[in-house]
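All remarks here apply to the structure that follows.
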Protein chains: 2
Amino acid sequence: MDPNVLHNLSYGMYIVSSDKGGVSNGQIANTVFQITSEPVTVAISINKQNLTHEFIEASGHFSVSVLNEEAPLQFIGKFGFKTGRKEEKFKDICCKKLESGCPVVLDHTICFIEAKVMCKFDCGTHTLFLGQMTGSEMIKPGKPMTYEYYHLVKKGTTPRAAPTFIKGEK
Amino acid sequence: MDPNVLHNLSYGMYIVSSDKGGVSNGQIANTVFQITSEPVTVAISINKQNLTHEFIEASGHFSVSVLNEEAPLQFIGKFGFKTGRKEEKFKDICCKKLESGCPVVLDHTICFIEAKVMCKFDCGTHTLFLGQMTGSEMIKPGKPMTYEYYHLVKKGTTPRAAPTFIKGEK
């Protein structure tokens, strides 16, 4: 079995956000996928230990910001390699609260999706949340950053808690 | 709500295959993604009306071939726009049966993953199958075809039954 094959699956670069008791949090996610077209549903895979997981479970909604290729590593690092338990990630970030109260990051964002959780599936270390799209908006034209671009051009790395972490890769 | 935002999510181009009673079938899929890293699990979204859905349910396993950018539209069309109920899709296709009996397409394939279904989640028109990776192999170096490449360079279209079909797009 060759774990390196997993490098050939294609993903994007997103910030998934949610809130609890008026507090916002968000994290980098690669696994955001449309699952059905009628109605439009999207699935996200979130590590159970992440604060965003706790917030999505509490609020029953989440937003997805689609990052453009210009998003700097430092910005990605803030949402991807730090925990909202230790610092307020939304400080100094351009964002807005949607009607549902769900926050959405607007910096380096092409567009966003807002979704209401329809069901959740236990996948061991991660939960797959299935959300129905309740809102969406174009923010700024641009090229969506792919996970490949993040690795090859931005020279970014992958935290151990990510669904796409590859153990034993060469 | 702007359905065009959905164009900004990133996907790959894959053939998901399975078997039932010695008969092989496969279909194009865009929604293949790693969900956990320990153990390695992958999720796929398959339309309930597709023959491959019936075969995966019957056999409890599936394979995923990662297509390269050279895969011609005619080849993609065979697996994406035709049903295995009317024609034998694996005829004249380079493929092999894995140890589990699961078939895998090798034409225009960079690598493949074999997975055993751990659980399935009902998502309305589609089922999300969560499979644990039981095998994987590199076949031929190449650049994985992205869904964007399929649309922009190959000028391919999306069938109505796909998870990523966008109703009312401009």
Side-chain angles (χ1 to χ4, degrees), chain A residues 1-14 30-43 45 47 64 66 68 110-114 118-119 121-126 128 130 133-139 142-148 160-167, chain B residues 1-14 30-43 45 47 64 66 68 110-114 118-119 121-126 128 130 133-138 142-148 158 160-167:
Chain A
M1 204 145 59
D2 182 353
N4 292 287
V5 300
L6 296 166
H7 284 295
N8 294 285
L9 302 185
S10 298
Y11 304 94
M13 287 289 286
Y14 313 101
N30 308 116
T31 47
V32 174
F33 292 82
Q34 187 180 344
I35 296 297
T36 64
S37 59
E38 292 190 69
V40 176
T41 58
V42 291
S45 174
N47 193 298
V64 177
V66 179
N68 63 30
I110 294 171
C111 58
F112 70 80
I113 292 168
E114 183 186 19
M118 308 306 288
C119 43
F121 308 121
D122 189 338
C123 299
T125 54
H126 291 65
L128 253 178
L130 184 72
M133 187 165 83
T134 52
S136 61
E137 196 180 319
M138 293 301 301
I139 298 296
K143 209 162 182 293
M145 191 188 294
T146 63
Y147 195 45
E148 187 196 24
R160 188 166 279 269
T164 47
F165 180 77
I166 299 174
K167 198 183 170 189
Chain B
M1 204 145 58
D2 183 352
N4 293 289
V5 300
L6 296 165
H7 284 296
N8 293 286
L9 302 185
S10 299
Y11 304 94
M13 289 287 287
Y14 313 100
N30 308 116
T31 47
V32 174
F33 41 110
Q34 187 180 343
I35 297 296
T36 64
S37 59
E38 294 192 65
V40 176
T41 58
V42 291
S45 174
N47 193 297
V64 176
V66 179
N68 63 30
I110 293 171
C111 58
F112 70 80
I113 291 168
E114 183 186 18
M118 306 306 288
C119 43
F121 307 122
D122 189 337
C123 299
T125 53
H126 290 66
L128 255 178
L130 183 72
M133 186 165 83
T134 53
S136 62
E137 197 180 318
M138 293 301 299
K143 208 161 182 295
M145 190 187 295
T146 63
Y147 195 45
E148 188 197 23
T158 303
R160 188 166 278 270
T164 48
F165 180 76
I166 299 173
K167 200 181 170 189

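Within every chain, numbering begins at 1; the chains are lettered A, B, ... in the order of the sequence lines, protein sequences first and strands thereafter. Note that these values count all heavy atoms, side chains included, but never hydrogens, waters or copies made by symmetry. The structure presented is a predicted model; accordingly, all values stated were derived computationally and were not measured.
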Nearest-0.5 Å distance that lies between atom [atom1] in [X] and atom [atom2] in [Y]:
X      : Y     : atom1 : atom2 : answer
B:M145 : A:S10 : CE    : OG    : 10.5 Å
A:L128 : B:I35 : CG    : CD1   : 4.0 Å
B:E137 : A:N4  : CD    : CG    : 13.0 Å

By a 4.5 Å heavy-atom criterion (distance strictly below it), what part of A:I113 contacts chain B: side chain, backbone, both, or neither?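 It is the side chain, since no backbone atom gets that close.
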So for A:I139, is it side chain, backbone, both, or neither that comes closer than 4.5 Å to the heavy atoms of chain B?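 Neither; nothing under 4.5 Å.
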Is it the side chain or the backbone of [X] that comes within 4.5 Å of chain A heavy atoms, both, or neither?
X      : answer
B:D122 : backbone
B:M133 : both
B:F112 : backbone
B:E38  : both
B:T36  : both
B:V5   : both
B:V32  : both
B:S45  : side chain
B:L9   : both
B:A162 : backbone

Is a donor on one side and an acceptor on the other found under 3.5 Å between the side chain of A:S136 and the backbone of B:M1?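 Checking the backbone N and O of B:M1 against the side chain of A:S136, no donor-acceptor pair under 3.5 Å is found.
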I'd like to know if the side chain of A:Y11 and the backbone of B:Q34 have a donor-acceptor N/O pair within less than 3.5 Å.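 Judged by distance alone, yes, a pair lies under 3.5 Å.
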Selection from [options] maximising heavy-atom pairs under 4.5 Å formed with chain A:
options                        : result
B:G142, B:G12, B:C123          : B:C123
B:T41, B:V42, B:N30, B:T134    : B:T134
B:V64, B:L6, B:T146            : B:L6
B:E114, B:R160, B:M138, B:M118 : B:M138

